[in-house]
Structures are given as C-alpha cells and as structure tokens.
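Report on one structure; see the data block that follows.
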There are 2 protein chains.
Amino acid sequence: MNNGQKDVQFMALTLEELAKQAGVSRSTVSRAINNHPNVDPETRARVLAIAEKLNYQPNLAARGLAAGRTRVLGLVIPTGVAALFSDPYFPILIQGISSACNAHDHSVMLWLAEPEYERRTIHQILQSGLIDGVIVSSMLGNDPLIKALTEHKKPFVLVGRHPTDSRVSYVDVDNRDAVREAVAYMLRLGYQRIATITGPQDMTVGVDRLDGYRAALRGRGILPDPMLIANGDFTEQGGYAAMQRLLPLEPDGVFVASDTMALGAMRALREVGKRIPDDLGLIGFDDLPLAARLDPPLTTVRQPVTRLGATAVEMLIDLIQEPDPRPRRVVLPTELVLRGSCRTAF
Amino acid sequence: MNNGQKDVQFMALTLEELAKQAGVSRSTVSRAINNHPNVDPETRARVLAIAEKLNYQPNLAARGLAAGRTRVLGLVIPTGVAALFSDPYFPILIQGISSACNAHDHSVMLWLAEPEYERRTIHQILQSGLIDGVIVSSMLGNDPLIKALTEHKKPFVLVGRHPTDSRVSYVDVDNRDAVREAVAYMLRLGYQRIATITGPQDMTVGVDRLDGYRAALRGRGILPDPMLIANGDFTEQGGYAAMQRLLPLEPDGVFVASDTMALGAMRALREVGKRIPDDLGLIGFDDLPLAARLDPPLTTVRQPVTRLGATAVEMLIDLIQEPDPRPRRVVLPTELVLRGSCRTAF
DNA sequence: GCGGTTCATGGGAGCGCTCCCATGAATAAC
DNA sequence: GTTATTCATGGGAGCGCTCCCATGAACCGC
C-alpha cells in the first residue's frame, strides 16, 4: 500500500508472513488453509495452529482476485416490495440467510434494489468481482435481473419460484397447495361464503396463493366469485383496505394471504364491531410470531422462513462450487396451525 | 483465472482492454475513471464515453487489493437486539443506509452479529480487506467490537451515541431532550401520574429515553417513582407485559419508549377495557408508519430514521477519505407529533 | 533563446492470494 | 536393484488494479 493511509492501520498478517512463521512455503500454507488433499497432516495441523494463534485472516480481496471466489453472496430484495418495511417476514429471511452464511464461512452483501436498477447496478453487481453468487428474494414479475444473471453465467437462487423460466433454481414452499388445504379446512368446518385477500398479483407468491384459494373452492364444486377476491399488497394497510371492500359483500370467512394483512383485516373488522370467529372466520399465512398473540390467536399457514433462507444459501454455495447447468429446486413443507380465528362448531 | 470456471463466465472488461480501445494507457484510463486532476479533459471525456459504451465496471477486488479501498461499507447489527425481527425501525434504517450507499457509489455488507461474534468474526470483518469502514447500529452495552475497531484503526460510525467513549463518531437524535419534552407536554395537559415503559437498559437509547422521562418529572418538582418505571425490550410483547405490570398502579398516562411497545401497551389496555385517551394517555417514540393508523392515532416523537442512516453513510465515507482522529458527531432533530392518544382537556 | 517549471502520459512494481509446474523424496512394482 | 508412481513441497506467474517515477512536450520568465 503506497497511499500512506494503510501504514497507519493495524497491519494485517499475510500468507507469506504466516508461512515464514511456520517454516514452510506460501503454497503449503495456502493448501493447508484451503483443505487441499496433498498436505502432510502434521504440517497442516502445525500451520492451522499457528494461523489460529496469530489470528490469521485471508485477505478476501486478494483471494477474490486470484481465485475468482470471494465467499461473498449477494442478497437482492427489490424495494418495490411495499411490505419490506412492515412485514417481519423480511428480517426473518435476512437473518436466516445471514446466519447460514456465517455457518458456511461466507458473508452477505445486501442490495435493496431501487426501482430503476436496470443497467448500471446490475452490471455493478455482476462485474464487481466481489460476489460469487446471488440470492433474489420476492422477485417482481419477470425481473430483468434474472436475464442479466443468466447471461453473465453468475450462479443465483430465487427465494420463491420463477413464474415462467423452468431453468431457474429456487427454494419455495408449495403455496398453492398450502392455501388449498387451508381453505378446504374452512369449507369442512362449514364456512359457506369464503372471500380472500390476495398478495400482489405481480409476485408469483401472490398468484400461487390465489390459485390455491380457487382450487379449494372448485374442489367443492363452488365457482369462485371474483367479487370475493380483494387485492392486497402484503401490508397491514392493504389488508385493512381490502377487508373494508369485502365487508358489504358479507363473507362468512376470509383467507388472507399474509399474517400482516390479516392484522389489518382484523382492525377493519374490529372497527365495525364484527367478532372473530363468531361473525367471520379468518386464516392467515406465514405464522409470524405475532399471529399467536392476536385476539383471537390467528389460525394460519406456517412456512419455515429461516429454513427457506438457509436452504437458499446452501443451494447457492453448492451451485457455485459445481456450476452444473441443471437447475436445483427445493420445496419446503408448510403446516396449518390451528388457533382461534375459525369457529369449529356451527 | 486458471481454474477453468471463469472462462465459461461472461468475461469482464479490464482496464487494460478498455485502454486499448481508447488508444491510451492503462494509467490514463485509471486516472480518468478516478477523477485525478492531471488528465486532459478531452482524453477524459473520450475514455469515459468508451467506458460507458462498453459498460466497463472496475473489478472491486482488484481495486481493493491495489488501493486498499473497495467502496464497501459494513453494517453491523447485533442479533441480540430482540426487536430486530419485529420493529420496522430496522428495515427503515437499513433502507436509508442502502439507499445512501447507492447514491454515493458504495455497497453495503450486512453483518447480523450473532452473540458469540467475539474473536473470529470481528477480525474477519476487519481484515477481510473487503470493507472500508463500518456502521454499527443499536450497540449493546460496551461492545467489544468498538474496541477492536479502534485498535485496527478501521473507520466506523455509530447510529446512536456511545455511552462512555467520547472519541467515537456517531449520528443520533437527542433522545433525552425529545422525551423530556414529550413528558413535559403530558404534564402540561394535566396528567398527574405518568408511568413509563423503557427500552432495554443495556442500550444507550434505552437509558437516554428514561433519563428524559425523569428529567421532565423533576422539572415539575415530581420525584420519579421507581414503581412507575417498567422495563421493556422494544418489542410488542415487551410493551404488553410492561403495561400489565403497570396497570395495578393506576397511572393516568404512560410514555412508551417505542411505538412498537406502545402497540403492545394498547393491546394490554384494550384487554382490560381501558380507553385511550380517556382513562389513560399514551405517547410513543419513533413515529412509525403504523402510529398514525392506530386507534386512537398515537401521539409520538418522530425521529428521522432514513436520514439517520444516510447521515451515518456520509459521515463514514468522509471519515474514510480523510482519516482524521477528531470524532464527528451529528444530532438530528426530533418532532413531537400530536395525535389522539392524549386527552387535551381535563 | 535557454534553463526551469508544469503537466499529460506511459510503464514498472506490487497489493496477497491461488494455481500450475518442477523438484525430489518416499514408496511401489517388477 | 532399477524403473515407475505417488505425493509433499517450493517457487513462478498472474489475477486487475493503483501508485510512483520517468519521459517528453508545452509553456513560462528574463
């Protein structure tokens, strides 16, 4: 470093220096650190011990330059997602991803992608040389990012399946089926006129959950009434507004596509004096921590958000290590958590 | 790259290649890109035009190695903070930081620091060579991270002042004074027996807000009653539980140290049939988006969270560019937002 | 008109690491 | 005992960039 600044800083230990301390060559130390097979176990142990003692940390920039791998994963969340600031889903997902990265000796680089992130930012992500792969959460519609990632042959994984492109790797839950079961449960209980508050229809997850709702009705020979489908945006306000629109139509049950929106729906119901579950049954989705504490406790579909994040990380690392063109897919199980927001006896 | 993997990937444009295209040397291109003074304006324009056309992106790993700067900032949030997963404060702060970074052509690396991040992780952060500086949010107590950062001479900025060390740079709001004013306002309205629900007392912000509460009471000659001080942890549940503890003591007003906890307090009050503001006045802190939508709308102290994040970024970049030992401090203004959770006439 | 300065430019060195190849010792094979 | 094979190790090259120094052209003042 010749800019005079770094001299002032705590000087980091280099491989070369560590090698001198251990009485072996730079190459051997590198091999020991990176678990290469052809190293004498004794030598490896000695090197690792000294590295530990001197608290050696490889310089990731140098490693990135030399090997083309930095052990840094990018996490992209489009800020166009209104719920980002209100739905605890995101912090939980971020935590899951971050924690799994730590466990695998990787780091997370966060990209809250602003709407106009078209050209420049995408290429910045891909060519910066700092990132080995990318996790994309809550993709909106047919995001140009996906195309760019594919073109650049940069490994990536979606959290939530891609609506059209089957070559894309993803982790997801079976939203459609989970919702179908939840609504079928309401029907079995005796609910007759079940409405739904949907997620944004430009997100796959929003579409899938609505599909599940329709499938459940059709499974009982009921023709879904478009009037009973109110669009929401995964925010509390969205749920509140949607519930207000549904109220005049007098549904006796509502499937709400997220717990956060269910919270808003409950607020709307409280305002007009409707009681849950006596006047109206409610089922949510997510099983956020708050769901159990609502009044009444919310019956909801539990999805393993932390595991979703951890799985995405593991898939991505796998994909980076063995860049195999075959897409990987994992679908994690959900669970209908029965609480007090549906009446069990009519 | 000799591992055969990168060959398959979209080959990134290098400085050297760009230089050839522009008919100048590598050095001149570097100077043009980095805004060095001694470049012919015409040459610079030509180089930049070609760079734009070919969509050149410097390799940050290489730049980091050569210059010791990567234009990446670390953001550390201890996961010990219970509220991380429920309080929208954090997403808003993260968004503010991320957005400011984008605007300044920097990136954010996220570290959700797990409790046992003592040795290894800290050094990893500092010596990875990937990070120019660090923003630390919601530090707990006297975090060892601060000591490590200082020792390594790594520039850093706190969001929220340091409890003891005056050499540390930070951005904050004047929590004490903001709360003092809020509670003084309640006293002026005629509230007699004002309790408080505090933040965690191992966080400076928790201590400062409690101090403000005490100062307001003392300002009116009232001796703060320790019984009327209920500890919370900035979560909704914490607020709920604290309110339940306060109820038997029959306060007529409560200052709650965060809106999220106020939400919990309102739930506790609703459960026992207490009306706000008639039976009990309430003031929160943060002015989260939800505060205005509560029933009744919550009177609260607004703090500019996005600006807090943006300011932290700007301070840090400044600190990196000119590593001046003088600590920088910025205190942003708050505002008491009057809504319906305090009775104005007795 | 000539020495001194300014300044745009080019090329060398090197940041810390990984990968490849060469070396030589130990082992296996006949 | 000799040749083939395995394998631990060391050193060179180079990843893409920035910084320093050298070069030479243009300009200044007297």
Side-chain angles (χ1 to χ4, degrees), chain A residues 1-7 9 11-47 51 54 56-72 127-130 132 321, chain B residues 1-7 9 11-47 51 54 56-72 127-130 132 321:
Chain A
M1 229 52 22
N2 1 28
N3 59 2
Q5 179 189 329
K6 187 111 176 222
D7 308 319
Q9 298 197 7
M11 226 24 221
L13 189 65
T14 72
L15 245 201
E16 197 81 55
E17 180 62 25
L18 179 60
K20 213 194 298 175
Q21 298 286 330
V24 292
S25 76
R26 182 170 39 89
S27 305
T28 302
V29 176
S30 172
R31 276 187 288 260
I33 302 260
N34 293 294
N35 265 310
H36 275 259
N38 297 348
V39 185
D40 187 296
E42 212 170 292
T43 312
R44 160 170 292 132
R46 184 160 41 92
V47 168
L54 300 181
Y56 169 75
Q57 290 301 333
N59 180 311
L60 294 188
R63 181 180 272 180
L65 233 202
R69 278 200 63 183
T70 52
R71 301 185 146 260
V72 176
Q127 297 180 14
S128 69
L130 283 186
D132 292 345
Q321 278 167 350
Chain B
M1 226 52 20
N2 0 29
N3 59 1
Q5 180 187 331
K6 187 111 175 219
D7 309 317
Q9 296 197 8
M11 225 25 219
L13 189 65
T14 73
L15 244 202
E16 199 80 52
E17 180 63 25
L18 180 60
K20 214 195 297 177
Q21 298 286 328
V24 292
S25 78
R26 180 171 40 91
S27 304
T28 302
V29 176
S30 173
R31 276 186 288 259
I33 301 261
N34 292 295
N35 266 310
H36 276 259
N38 295 348
V39 186
D40 186 296
E42 211 170 294
T43 311
R44 161 171 291 133
R46 185 159 42 92
V47 168
L54 300 181
Y56 169 76
Q57 291 298 334
N59 181 311
L60 295 187
R63 182 181 269 176
L65 233 203
R69 276 200 67 184
T70 52
R71 301 185 146 260
V72 176
Q127 296 178 16
S128 69
L130 283 186
D132 293 344
Q321 277 167 350

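Throughout, protein chains are lettered first and strands after them, A, B, ... in sequence-line order, and every chain is numbered starting at 1.
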Requested in this report: Could you tell me the separation between the CG atom of A:Leu130 and the P atom of D:dC17, rounded to a whole number of Å?
Outcome: 12 Å
Query raised in the report: So, is A:Tyr56 near the phosphate of C:dC17, with a side-chain N or O under 4.0 Å from OP1 or OP2?
Result: yes
Query raised in the report: CG of B:Asn35 versus P of C:dA8: gap in Å, rounded?
Result: 14 Å
Report task. Spell out yes or no: do the side chain of B:Ser27 and the base of C:dG11 have one donor N/O and one acceptor N/O closer than 3.5 Å? Result -> yes
Query raised in the report: Closer than 4.0 Å, any side-chain N/O of A:His36 to the OP1 or OP2 of C:dC19?
Result: yes
Query raised in the report: Can you name the closest pair of heavy atoms from B:Leu54 and B:Gln21 and give their distance?
Result: CD1-CG, 3.9 Å
Requested in this report: Looking only at side-chain atoms of A:Thr14, point me to the closest of C:dC20, C:dG16, D:dC17.
Outcome: C:dG16
Query - Under 4.0 Å protein heavy-atom contact, by nucleotide of nucleotides 22-27 of chain D - B base, S sugar-phosphate only - result: ------
Report task. Give the rounded distance in Å between these two atoms: CD of A:Glu16 and P of D:dA13. Result -> 15 Å
Query - B:Asn38 side chain, from C-beta outward: closest of D:dT9, C:dT18, C:dT9 - result: C:dT9
Query raised in the report: Nearest of C:dC17, C:dT9, D:dC17 to any side-chain atom of B:Leu15?
Result: D:dC17
Query raised in the report: Nearest to the side chain of A:Asp40, which nucleotide is it out of D:dT9, D:dC15, D:dC19?
Result: D:dT9
Query raised in the report: Rounded to whole angstroms, how far apart are CZ on A:Arg31 and P on C:dG16?
Result: 20 Å
**Report entry** Steps toward side chain to side chain contact (heavy atoms under 4.5 Å, CB included) verdict (B:Val29, B:Tyr56)
**Finding:** CA-CA 11 Å; B:Val29 176; B:Tyr56 169 76; 5.7 Å; no
Requested in this report: Identify the heavy atoms of A:Val39 and A:Arg44 that sit nearest to each other, and give their distance.
Outcome: CG2-NH2, 3.6 Å
Report summary line: To the nearest angstrom, the CG-P distance between A:Leu65 and C:dC19 comes to 13 Å
Query - Nearest-neighbour nucleotide for the A:Asn59 side chain, D:dT18, C:dC17, D:dG10 considered - result: C:dC17
Query raised in the report: Hey, which of these two, B:Ala62 or B:Arg44, hits DNA chain C nearer its 5' end, going by closest nucleotide?
Result: B:Arg44
Query - side chain to side chain donor-acceptor pair (under 3.5 Å) assessment of B:Ser30 paired with B:Ser27 - result: CA-CA 5 Å; B:Ser30 173; B:Ser27 304; over 6 Å; no
Report summary line: Taking for A:Pro41 and for A:Arg26 the nucleotide of DNA chain D with the nearest heavy atom, the one nearer the 5' end belongs to A:Pro41
Report task. Side chain of A:Thr43 only, please: which of D:dA8, C:dC15, C:dT9 is the nearest? Result -> D:dA8
Report summary line: When rounded to whole Å, the CD1 to P distance for the pair B:Ile33 and D:dC19 reads 13 Å
Query - Shortest non-hydrogen contact from A:Gly129 toward B:Ala61 - result: O-CB, 3.9 Å
Query raised in the report: Is the shortest side-chain N/O distance from B:Thr28 to OP1 or OP2 of C:dT9 below 4.0 Å?
Result: no
Query - Separation of atom CG in A:Leu18 from atom C1' in C:dC17, rounded to whole Å - result: 13 Å
Query - Heavy-atom closest pair, residues B:Arg69 and B:Gln321 - result: NH1-CG, 3.6 Å
Query raised in the report: Rounded to whole angstroms, how far apart are CG on A:Leu60 and C1' on D:dC15?
Result: 15 Å
Query raised in the report: Within a strict 4.5 Å, meaning less than it, do heavy atoms of the B:Asn59 and B:Thr14 side chains meet?
Result: no
Query raised in the report: Looking only at heavy atoms, what is the nearest atom pair of B:Thr70 and B:Leu130, with distance?
Result: OG1-O, 2.7 Å
Report task. May I ask you to evaluate whether A:Ser30 reaches the phosphate of C:dT18, defined as a side-chain N or O under 4.0 Å from OP1 or OP2? Result -> yes
